[in-house]
**Student:** 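Pasting in a structure now, in structure tokens, and then I'll have a few things to ask.
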Amino acid sequence: MPIRSALAPTPVERLARARGDLRMGVPVVMTGDGRAFLVVAVESLEPARLAALRALGQPELALTARRAETLKTPAYDGDIARILVPADMGVDWLRALADPADDLRVPLKGPLRSLRDGQSDLHRTALQLVKSAHLLPAALLVPVPHGLALAEENGLTLLPHADIAPELARMSPLHAVVNARLPMAAAQAGRVHIFRPEDGAEEHYAIEVGKPDRSLPVLARLHSACFTGDVLGSLKCDCGPQLRAALAQMGQEGAGVLLYLNQEGRGIGLANKMRAYSLQDQGFDTVEANHRLGFEDDERDFRIGAGILRQMGFSSVRLLTNNPRKIAMMESCGLTVTERVPLKVGQTDQNAAYLATKAAKSGHLL
Ligand SMILES: Nc1nc2c(ncn2[C@@H]2O[C@H](COP(=O)(O)OP(=O)(O)OP(=O)(O)O)[C@@H](O)[C@H]2O)c(=O)[nH]1
Ligand SMILES: [Zn+2]
């Protein structure tokens with residue numbers, strides 16, 4: 001028995017496997033309180049799988065309240081909506097509900113029947129899981145009578161809700177993997193540290209400039225990955241210039257730490273960020289675009305940055321930011337912010353509206 005339990009995947013390992021399954025369109029089985037559901041992500045659902053799922057039960061579509069609001073359908077569970085999938089509706093209908101790309105062209109998708117009775121905890125967890133796989137936040141759940149047997153017969157990942165829900169909510173511990181010297185144009189004395197989370201999600205990086213004194217507040221920047229801004233020189237945001245200005249200031253002062261957090265698109269992933277950009281071309285601002293996709297304005301887990309700084313031995317920072325939420329998060333995680341150092345660079349005609357929206361709707365300081 002002990003050998004078997006040591007070989008079997010833990011809840012965290014099952015979650016990592018489930019993310020891969022969902023991205024590939026493979027169903028997972030979620031069980032809890034005597035119920036069992038097959039769960040698939042709408043984004044990766046193929047017609048043959050939908051037909052196989054329908055043969056087992058009546059599918060229910062779980063969407064966030066944000067997406068339901070755009071679809072003008074009630075979210076009786078508060079933060080999520082459960083919608084009955086009619087027998088004659090296929091994958092295209094589901095995708096149209098999940099993906100706002102054609103909302104303006106084809107506004108009416110209903111009437112939709114939102115479910116009011118019954119429990120929604122498994123649906124909520126399924127949506128969190130799909131989000132953490134960086135897919136569109138839309139999950140199809142099919143109630144099945146014998147979840148355990150179905151998982152075993154078909155080699156599907158089994159997710160007991162009581163085990164996985166707490167794992168999804170907590171911040172995964174991060175481990176320092178390796179660090180190496182990296183001279184940079186902005187700072188000769190650079191060192192890159194790699195941190196790997198236990199849950200199999202993205203690694204994050206800390207770029208240490210010089211040898212900051214751990215007993216003093218360190219000049220720090222929490223930078224969220226922005227492929228378009230950091231690498232391509234996008235004019236739609238200010239990320240690239242902010243990244244370079246932060247490193248330059250650390251180089252000038254001779255010490256600092258820049259965290260490069262792989263939370264692309266404020267945590268929704270690059271594919272979803274590009275969907276948001278496409279909606280912005282239809283006239284929606286950065287916050288509205290996230291909402292229409294079914295996300296909150298900001299899906300980042302701000303605990304990660306604080307966790308890395310503490311692991312590196314820092315307890316107080318001079319934080320380079322215009323975002324008050326970052327300061328509040330650091331302090332709630334026990335780090336002292338002795339000073340906010342403004343970081344105003346990279347304003348362009350193309351990003352003026354984006355920066356104004358962040359100031360008006362997300363509390364950024366101009
Ligand atoms: N979803 C979404 N993400 C965006 C958009 N534009 C930029 N981003 C992402 O926003 C994040 C910007 O992160 P930060 O540089 O930390 O910016 P911030 O939260 O405004 O805070 P400060 O720069 O510290 O003031 C990056 O992950 C970008 O990829 C957008 O229109 N939609
Ligand atoms: Zn950017």
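Just so you know, ligand 1 is whichever comes first in the structure, and atom 1 is the first atom listed for that ligand.
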**Student:** Ignoring hydrogens and geometry, is there a side-chain-to-backbone donor-acceptor pair from E264 to F227 under 3.5 Å?
**Tutor:** yes

**Student:** Nearest protein heavy atom to atom 15 (O) of ligand 1, by residue and atom, and its distance?
**Tutor:** R221 NH2, 3.1 Å

**Student:** Checking a contact table here: which protein heavy atom is nearest atom 7 (C) of ligand 1, and how many Å away?
**Tutor:** Y354 OH, 3.1 Å

**Student:** Should you measure from each heavy atom of C226, which atoms of ligand 1 turn up under 4.0 Å away?
**Tutor:** 28 (C), 29 (O)

**Student:** Please could you name the atoms of ligand 1 that I268 approaches to less than 4.0 Å, counting only its heavy atoms?
**Tutor:** 1 (N)

**Student:** Inspect the contact between K273 and E299 and indicate whether a charged nitrogen and a carboxylate oxygen are less than 4.0 angstrom apart.
**Tutor:** no

**Student:** How close does the nearest protein non-hydrogen atom get to atom 18 (P) of ligand 1, and which residue and atom is it?
**Tutor:** H364 NE2, 3.5 Å

**Student:** Are any of the N/O atoms on G265, whether in the backbone or the side chain, positioned under 3.5 angstrom from an N/O atom of ligand 1?
**Tutor:** yes

**Student:** Taking the six-membered ring where the residue is Trp, are the ring centres of F284 and H291 under 6.0 Å apart?
**Tutor:** no

**Student:** Considering R300, K273, H223 one by one, which has a heavy atom nearer to atom 14 (P) of ligand 1 than any of the others?
**Tutor:** R300

**Student:** With a 4.0 Å cut-off on heavy atoms, is F295 in contact with ligand 1?
**Tutor:** no

**Student:** Assess whether a salt bridge exists between D77 and R124, defined as any Lys/Arg side-chain N lying under 4.0 Å from an Asp/Glu carboxylate O.
**Tutor:** no

**Student:** Can you check the number of protein N/O/S atoms within less than 2.8 Å of the Zn ion (ligand 2)?
**Tutor:** 3

**Student:** Determine whether a donor-acceptor pair (N or O, by modelled atom type, separation under 3.5 Å) exists between the side chain of R310 and the backbone of S315.
**Tutor:** no

**Student:** When you check the gap from the basic side-chain N to the acidic O, do E69 and K72 get nearer than 4.0 Å?
**Tutor:** no

**Student:** Judged on heavy-atom distance to atom 16 (O) of ligand 1, which of E264, Q242, K326, Q280 sits nearest?
**Tutor:** K326

**Student:** Quick one: list whatever passes ring pair (Phe, Tyr, Trp, His ring centres under 6.0 Å) with F295, sequence neighbours left out.
**Tutor:** none

**Student:** What's the shortest distance from atom 20 (O) of ligand 1 to any protein heavy atom, and which residue and atom give it?
**Tutor:** K358 NZ, 2.4 Å

**Student:** How far is atom 26 (C) of ligand 1 from its nearest protein heavy atom, and which residue and atom name does that atom have?
**Tutor:** A225 O, 3.4 Å

**Student:** Begin with the C-alpha distance, continue with both residues' side-chain angles, and end with the deciding distance and a verdict on side chain to side chain contact (heavy atoms under 4.5 Å, CB included) for L63 and L61.
**Tutor:** CA-CA 6 Å; L63 297 173; L61 173 65; 4.0 Å; yes

**Student:** Is there a polar contact, in the sense of an N or O pair closer than 3.5 Å, between C239 and ligand 1?
**Tutor:** no

**Student:** Take V142 and E60, measure what side chain to side chain contact (heavy atoms under 4.5 Å, CB included) needs, and give me the verdict at the end.
**Tutor:** CA-CA 6 Å; V142 178; E60 299 167 11; over 6 Å; no

**Student:** Any salt bridge (charged side-chain N to carboxylate O under 4.0 Å, His left out) involving residues 187-200? Give me the pairs, sequence neighbours left out, ordered by first then second residue.
**Tutor:** R196-E203

**Student:** Between R35 and D121, is the closest basic N to carboxylate O distance under 4.0 Å?
**Tutor:** yes

**Student:** Measure from the side-chain N and O atoms of E288 to the backbone N and O of D285, and report whether any donor-acceptor pair falls under 3.5 Å.
**Tutor:** yes

**Student:** Heavy-atom contacts under 4.0 Å between L343 and ligand 1: side chain, backbone, both, or neither?
**Tutor:** neither

**Student:** Among all protein non-hydrogen atoms, which one is nearest to atom 5 (C) of ligand 1, and what is the separation to 0.1 Å?
**Tutor:** R266 NH1, 3.7 Å

**Student:** For ligand 1, which atoms, with element, lie under 4.0 Å from some heavy atom of L222?
**Tutor:** 16 (O)

**Student:** Below 4.0 angstrom from a heavy atom of Q263, which ligand 1 atoms are there? Numbered from 1 as shown, please.
**Tutor:** 27 (O)

**Student:** Tell me, which protein residue and heavy-atom name are nearest atom 25 (O) of ligand 1, and how many Å apart are they?
**Tutor:** N322 N, 2.9 Å

**Student:** Between R275 and E43 (salt bridge meaning N to carboxylate O under 4.0 Å), is one present in this structure?
**Tutor:** yes

**Student:** Which of the atoms of ligand 1 are close to T286, meaning less than 4.0 Å from one of its heavy atoms?
**Tutor:** 30 (C), 31 (O), 32 (N)

**Student:** Between R14 and D21, is there a side-chain N and carboxylate O pair less than 4.0 Å apart?
**Tutor:** no

**Student:** My understanding is that only residues two or more places apart in sequence, or in another chain, count here; which of them pass ring pair (Phe, Tyr, Trp, His ring centres under 6.0 Å) with H223?
**Tutor:** Y260

